[in-house]
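What you see below is based on every heavy atom in this structure, not just the backbone, and it leaves out hydrogens, waters and symmetry mates.
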Amino acid sequence: MRYSEMFLPTGREVPSDAEVISHQLMIRAGMIRKLTSGLYSYLPLGYRVIRKLEQIIREEMNKAGAEEVHLPMVQPAELWQESGRWVHYGKELLRFHDRHDHEYCLGPTHEEVITSLVRNDIKTYRQLPRNLYQIQTKFRDEVRPRFGVMRCREFGMKDAYSFDVDEEGAEKSYEKMFAAYNNIFRRCGLKFRPVEADSGSIGGKYSHEFMVMAESGEDAMVFCEKCSYAANLEKAEVACPEKKRIFEDDWLPLEEINTPDSRTIEEVSAFLKVDPQDIVKTLIFNADGKPYAVLIRGDQEVNEIKVRNYLGAAELELATDEMIMKTTGAPRGFAGPVNIKIPVLLDYSVIDMVNFVTGANKEDYHLKNVNIGRDFNIQAFADFRVVSDQDKCPRCGGDMKFARGIEVGHVFKLGTKYSKAMKAVYLDKDGQEKIMIMGCYGIGIGRTVAAGIEQNYDENGIVWPMPLAPYQVIITPVNVNEKDVMAAAENLYLALKASGLEVIFDDRDERAGVKFKDADLIGIPLRIVVGRKNLEQGKVELKIRKTGENKLYPLQEIAQEIKQIVEQELNPDRL
Ligand code: ATP
Ligand code: MG
């Protein structure tokens, strides 16, 4: 396309809310514009990148046997009431009434709609398995939209849903999607990692997030340096420690000590002159209205998701001051397991401890020389903590590394959560009615594009990997007023376009420096500079955006050279 005819408003200005580099560069490169909080318009350059990604996704989804559908974005409340999510989804669900006073929502995801579609048309095992996907707009009324299109309110998502006759089939569908996702992100040229993710009560390995590695990412993950274990920090496990033998002879007499105003681990540690590792923290949680005490070593943190999953609770939060007072008889900061009347859950970190310090369930008092078994009993012993850098890999014992990433995709085994509630059933070989087993698989379209920029930029702008680049080549005539230069550039433009390449012809009457700056900013992988001096030698200059490499080529050979580079970068696996 001729630059002079493109709607491509580039600039230097960055809005004050653009905290991350991808947001800044997408604005500066004229890819997106904000309409209002969490709502963005894609301009032509931005939309081309979106279409590129969607094409890769379509090809890989189709290859994996999924079929494309298109479902309504407006969804009736009744379906959400059937699944139970009308109540549970909360404020992210935008609800409204039509002129007949019927209630609706804007789809934040499509489990309900797809399940209703499938249950009406699929009746027997012969029609299964099925995997249906769409690429469509979602609306989630995020509390704090931020980072541009990375966390906005209206965004594109590829969502797929699989339906199987049994667990084995469902696992196969999951594996297929897992493989397809690997192919998609690899083809995009991104550095990514699938990590085990929290799957709520379903548990097991049945949820993976695909993380694009980036320092600016909102998610923390750990991965093993020796084996393939990788997990979202929320999910990362701690292996069950081998229990050391505890000698009861070592137990010292229990002591109550006055610890005025010492509530936090730091305060108690300073006051009693003991290490945080010798103190046990007692946290009181409210799980669906019932109190539980979770005990953990003073220098560790509780992972609330693990506690919630262990208890199978729908909701879990730290107890209020009122609940703490009621269950421990003391204000916040003095809870302990001795003589407490609620279930005590013990984290792995506490199992080998002897003669430790805990709260005394009495204002301004702590206990010293507390011991498990003698002074209190436990209801459960499990992994309740956030993995720390001292922890080893739960699979192989290797060292673990921490990293940050952006969640661009999520594969999830749903089981019968929706099919049961919404009665998506089929008749099996013996004519028995059975519930379908489901999986769901999402990719954030805009977020993936933004994540691609987070990984591929330099001080001059975006550095697109070839598969996502809005155009592959930009031709820059140095001076548009020189006829022979313009003629050569124009001919080259027509020739490259005719050979199927995606080309911008920067025909603007601007200084070369301005044009080079724009080409760098919008991140076009290959730039051909046509200047009088080189042209007199029959040559043009090729500059590779990624490496900054510059090389002269004979005018006759440049098309072939470009074609080769593009082909190779689009299909790196073929080599
Ligand atoms: P997050 O934890 O980041 O809110 P999620 O778990 O709610 O994500 P899913 O429901 O699994 O996300 O949605 C599938 C994909 O949709 C995500 O992996 C992400 O790429 C994308 N996505 C989710 N929320 C947003 C958003 N607010 N803006 C842009 N993309 C989003
Ligand atoms: Mg979310």
Side-chain angles (χ1 to χ4, degrees), residues 88-90 92 108-109 140 142-144 146-147 150-151 174 178 181 192-225 227-240 281 283 285-288 292 294 296-297 299-318 345 347-349 380 382-395 399-415 417 439-444 447 451:
H88 283 124
Y89 208 93
E92 269 186 32
T109 170
R140 294 184 183 178
E142 298 274 353
V143 202
R144 203 161 75 82
R146 57 190 179 280
F147 310 146
M150 200 115 80
R151 182 171 298 285
Y174 186 90
F178 187 87
Y181 274 42
F192 69 97
R193 238 174 222 283
V195 303
E196 291 183 14
D198 175 50
S199 49
S201 53
I202 295 174
K205 57 174 184 175
Y206 289 115
S207 171
H208 285 89
E209 286 162 349
F210 282 76
M211 297 282 189
V212 165
M213 317 297 282
E215 268 314 303
S216 59
E218 283 188 289
D219 286 276
M221 66 181 118
V222 295
F223 59 91
C224 178
E225 293 198 293
C227 73
S228 64
Y229 182 75
N232 189 314
L233 190 61
E234 286 177 0
K235 159 86 181 175
E237 298 160 30
V238 175
C240 181
K281 247 191 297 201
L283 294 164
F285 282 99
N286 175 352
D288 296 337
Y292 290 86
V294 176
I296 188 163
R297 207 172 70 193
D299 60 332
Q300 302 283 340
E301 293 302 323
V302 169
N303 180 335
E304 294 189 13
I305 293 170
K306 290 182 179 176
V307 181
R308 192 189 66 204
N309 288 346
Y310 184 87
L311 294 173
E315 272 171 59
L316 181 106
E317 54 187 14
L318 277 170
L345 315 179
D347 176 64
Y348 287 160
S349 57
D383 169 20
F384 294 121
R385 74 170 185 266
V386 179
V387 167
S388 77
D389 48 10
Q390 298 144 32
D391 287 309
K392 298 288 179 197
C393 171
R395 300 282 183 273
D399 284 338
M400 302 239 275
K401 270 219 147 135
F402 279 71
R404 297 201 72 81
I406 301 164
E407 179 204 322
V408 288
H410 198 173
V411 291
F412 202 100
K413 198 166 154 208
L414 289 169
K417 183 172 170 186
C440 71
Y441 317 93
I443 293 180
R447 190 184 285 185

task: Calculate, to the nearest 0.5 Å, the distance between atoms SG and CG belonging to C393 and D399 respectively.
output: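 So the gap between those two atoms works out to 9.5 Å.
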Identify the heavy atoms of [X] and [Y] that sit nearest to each other, and give their distance.
| X | Y | answer |
| --- | --- | --- |
| A287 | L316 | CB-CD1, 3.7 Å |
| A236 | V387 | O-CG2, 3.3 Å |
| M400 | K392 | CG-C, 3.7 Å |
| A451 | M150 | N-SD, 4.3 Å |

D391/R385 under salt bridge (charged side-chain N to carboxylate O under 4.0 Å, His left out): CA gap, chis, key distance, verdict: CA-CA 11 Å; D391 287 309; R385 74 170 185 266; 2.7 Å; yes
Can you tell if the side chain of [X] reaches within under 4.5 Å of the side chain of [Y], non-hydrogen atoms only?
| X | Y | value |
| --- | --- | --- |
| L345 | F285 | no |
| I296 | Y348 | no |
| D347 | D383 | yes |
| E196 | S207 | no |
| D219 | I406 | no |

Discussion item. Using the rule given for side chain to side chain contact (heavy atoms under 4.5 Å, CB included), can you reason through K306 versus E234, listing the C-alpha separation, both sets of side-chain angles and the distance that settles it, and then say yes or no?
Written reply: CA-CA 8 Å; K306 290 182 179 176; E234 286 177 0; over 6 Å; no
Practice problem: Apply the test salt bridge (charged side-chain N to carboxylate O under 4.0 Å, His left out) to residues R308 and D198: give CA-CA distance (whole Å), side-chain angles for both, the deciding distance (0.1 Å), then the verdict. | Solution: CA-CA 11 Å; R308 192 189 66 204; D198 175 50; 3.6 Å; yes
TODO: Classify the ring geometry between F178 and Y174 as parallel (under 30°), tilted (30 to 60°) or perpendicular (over 60°).
DONE: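 It falls in the parallel class, under 30°.
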Quiz item: Any ion pair linking D299 and K281 (charged N to carboxylate O, less than 4.0 Å)?
Solution: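 Salt bridge absent between K281 and D299.
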ask   = Do E237 and R395 meet the salt-bridge criterion of a basic N to acidic O distance under 4.0 Å?
value =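 Salt bridge: yes.
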* I would like to know whether R404 and E218 meet salt bridge (charged side-chain N to carboxylate O under 4.0 Å, His left out); could you show each step before the answer? => CA-CA 7 Å; R404 297 201 72 81; E218 283 188 289; over 6 Å; no
Requested in this report: With side chain to side chain contact (heavy atoms under 4.5 Å, CB included) as the test, would you mind laying out the steps for N303 and F384 before giving the verdict?
Outcome: CA-CA 6 Å; N303 180 335; F384 294 121; over 6 Å; no
Quiz item: cation-pi between R193 and F210, 6.0 Å / 45° =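 Cation-pi check for R193 and F210: fails.
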Exercise for the section: Report the C-alpha distance between T109 and Y89 in whole Å, list the side-chain angles of each, state the deciding distance to 0.1 Å, and finish with yes or no for side chain to side chain contact (heavy atoms under 4.5 Å, CB included). Expected result: CA-CA 11 Å; T109 170; Y89 208 93; 4.1 Å; yes
*Flag the pair Y206 / F412 as yes when their ring centroid distance falls below 6.0 Å, and as no otherwise.*
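Ring centres of F412 and Y206 not closer than 6.0 Å.
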Indicate yes or no for a side-chain donor-acceptor contact from D288 to the backbone of E315 under 3.5 Å, with no hydrogens or angles considered.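 Confirmed, D288 side chain pairs with E315 backbone.
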- Query: Counting N and O atoms only, with roles assigned by atom type, does the side chain of K235 sit under 3.5 Å from a partner on the main chain of M221, one being a donor and the other an acceptor?
  - Reply: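 Between the backbone of M221 and the side chain of K235 there is no qualifying donor-acceptor contact (under 3.5 Å).
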I would like to know whether M211 and F223 meet side chain to side chain contact (heavy atoms under 4.5 Å, CB included); could you show each step before the answer? CA-CA 12 Å; M211 297 282 189; F223 59 91; over 6 Å; no
Output, in order, the C-alpha distance, side-chain angles, deciding distance and verdict of side-chain hydrogen bond (donor to acceptor under 3.5 Å, both in side chains) for Y181 and H208. CA-CA 10 Å; Y181 274 42; H208 285 89; over 6 Å; no
Next item on the list: May I ask you to check whether over 12 heavy atoms, not counting those of E301, lie within 6.0 Å of atom CD?
Entry: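 At most 12 heavy atoms, drawn from other residues, nucleotides or ligands, come within 6.0 Å of this atom.
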